[in-house]
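Since the structure is predicted, the reported quantities are computational estimates derived from the model, not experimental observations. In what follows, every heavy atom counts, from backbone to side chain, and hydrogens, waters and symmetry copies are set aside. Ligands are counted one by one from 1 in listed order, and the atoms in each one are counted from 1 as well.
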Amino acid sequence: MQGVHLVDHPLVQHKLTLMRDIGCSTRSFRTLMNEIGMLLCYEVTRDLPLATTTITTPLTDMQAPILAGKKLVLAPILRAGVGFLDGMLELVPSARVAHIGLYRDPATLNAVEYYFKAPQDLSERLVILVDPMLATGNSAIAAVDRLKKAGAGEIRMVCLLAAPEGIAKMHAHHPDVNIWTAAIDEKLNDHGYIVSGLGDAGDRMFGTK
Ligand code: URA
């Protein structure tokens with residue numbers, strides 16, 4: 001599928017299966033979310049540009065690769081996106097973080113913004129939008145709208161699961177946003193949940209249901 005990177009690494013697939021299972025505890029779910037966050041972060045940053053710097057090893061001077069440009073921005077959608085954050089920050093500890101507060105109106109399934117705080121210079125940084133579930137696509141589209149309004153240029157999205165409907169809608173609105181996901185599931189149900197899915201990611205992660 002164009003613009004979609006399916007991360008089929010066996011470790012990711014194994015951990016995702018553990019998370020989907022209804023018997024997975026809150027504690028395990030949270031741990032696995034962080035672990036997969038780290039692995040997906042590794043994939044989404046695979047082609048980051050490098051520059052060369054001169055360093056001195058114990059033996060000699062050498063030209064060595066180093067990340068080029070400004071630190072990237074991780075942009076989790078509250079609240080479930082936060083589940084990926086610690087794992088990603090472990091891999092990219094100096095990343096900046098933009099918090100995007102959106103909730104899904106249960107009647108319309110539309111995204112409603114209640115919080116937004118991002119670094120000033122978004123235009124100079126790669127922004128990685130983070131939300132475990134790309135379901136209807138409404139929240140992700142609203143988040144990209146908001147990030148672009150705040151000046152963001154290149155935006156990539158990382159999710160755990162995506163529904164075909166969400167991918168199609170996202171790419172209809174924002175064809176420039178590539179998506180990294182661990183799985184593309186069958187469909188959405190009438191309540192906007194992903195099937196087969198894993199239920200409500202936020203509730204399972206925080207033990208709120
Ligand atoms: N959000 C979730 O947490 N789960 C879904 O299946 C869809 C949206």
Checklist entry - Counting from 1, what ligand 1 atoms have a heavy atom of Met133 closer than 4.0 Å? => result 1 (N), 2 (C), 3 (O), 4 (N), 5 (C), 6 (O), 8 (C)
Checklist outcome for this item: Output for pair (Arg79 CZ, Tyr103 OH), nearest 0.5 Å, gives 14.5 Å
Checklist entry - If you count the atoms of ligand 1 from 1 in the order shown, which ones are under 4.0 Å from a heavy atom of Gly192? => result 7 (C)
Checklist entry - Looking at ligand 1, does Ala163 have a heavy atom less than 4.0 Å from it? => result no
Item to check | Heavy atom of the protein closest to atom 5 (C) of ligand 1 (residue, atom name, distance) | outcome: Tyr193 CD2, 3.4 Å
Item to check | Proximal candidate to atom 4 (N) of ligand 1 [heavy atom criterion; set Gly199, Ser139, Gly197] | outcome: Gly199
Checklist entry - Nearest protein heavy-atom contact for atom 3 (O) of ligand 1: which residue, which atom, what distance? => result Ala201 N, 2.7 Å
Checklist entry - Does Glu124 reach the main-chain N or O of Gly153 with its side chain, forming a donor-acceptor pair under 3.5 Å? => result no
Checklist entry - Against heavy atoms of Ala135, which atoms of ligand 1 measure under 4.0 Å? => result 7 (C), 8 (C)
Item to check | Hydrophobic cluster identity match, Leu161 and Ile36, side-chain contacts under 4.5 Å | outcome: yes
Item to check | N/O donor-acceptor pair under 3.5 Å between Arg156 side chain and Asn178 backbone | outcome: no
Next on the checklist: Using 0.5 Å steps for rounding, measure from the OG1 atom of Thr136 to the CE atom of Met170.
Outcome noted: 11.0 Å
Item to check | Protein contact to atom 6 (O) of ligand 1 [nearest heavy atom, distance to 0.1 Å] | outcome: Ile194 N, 2.8 Å
Checklist entry - Would Arg96 and Asp121 count as a salt bridge (charged side-chain N to carboxylate O under 4.0 Å, His left out) if you check the C-alpha gap in whole Å, the side-chain angles of each, and the deciding distance to 0.1 Å? => result CA-CA 11 Å; Arg96 308 306 192 237; Asp121 49 0; over 6 Å; no
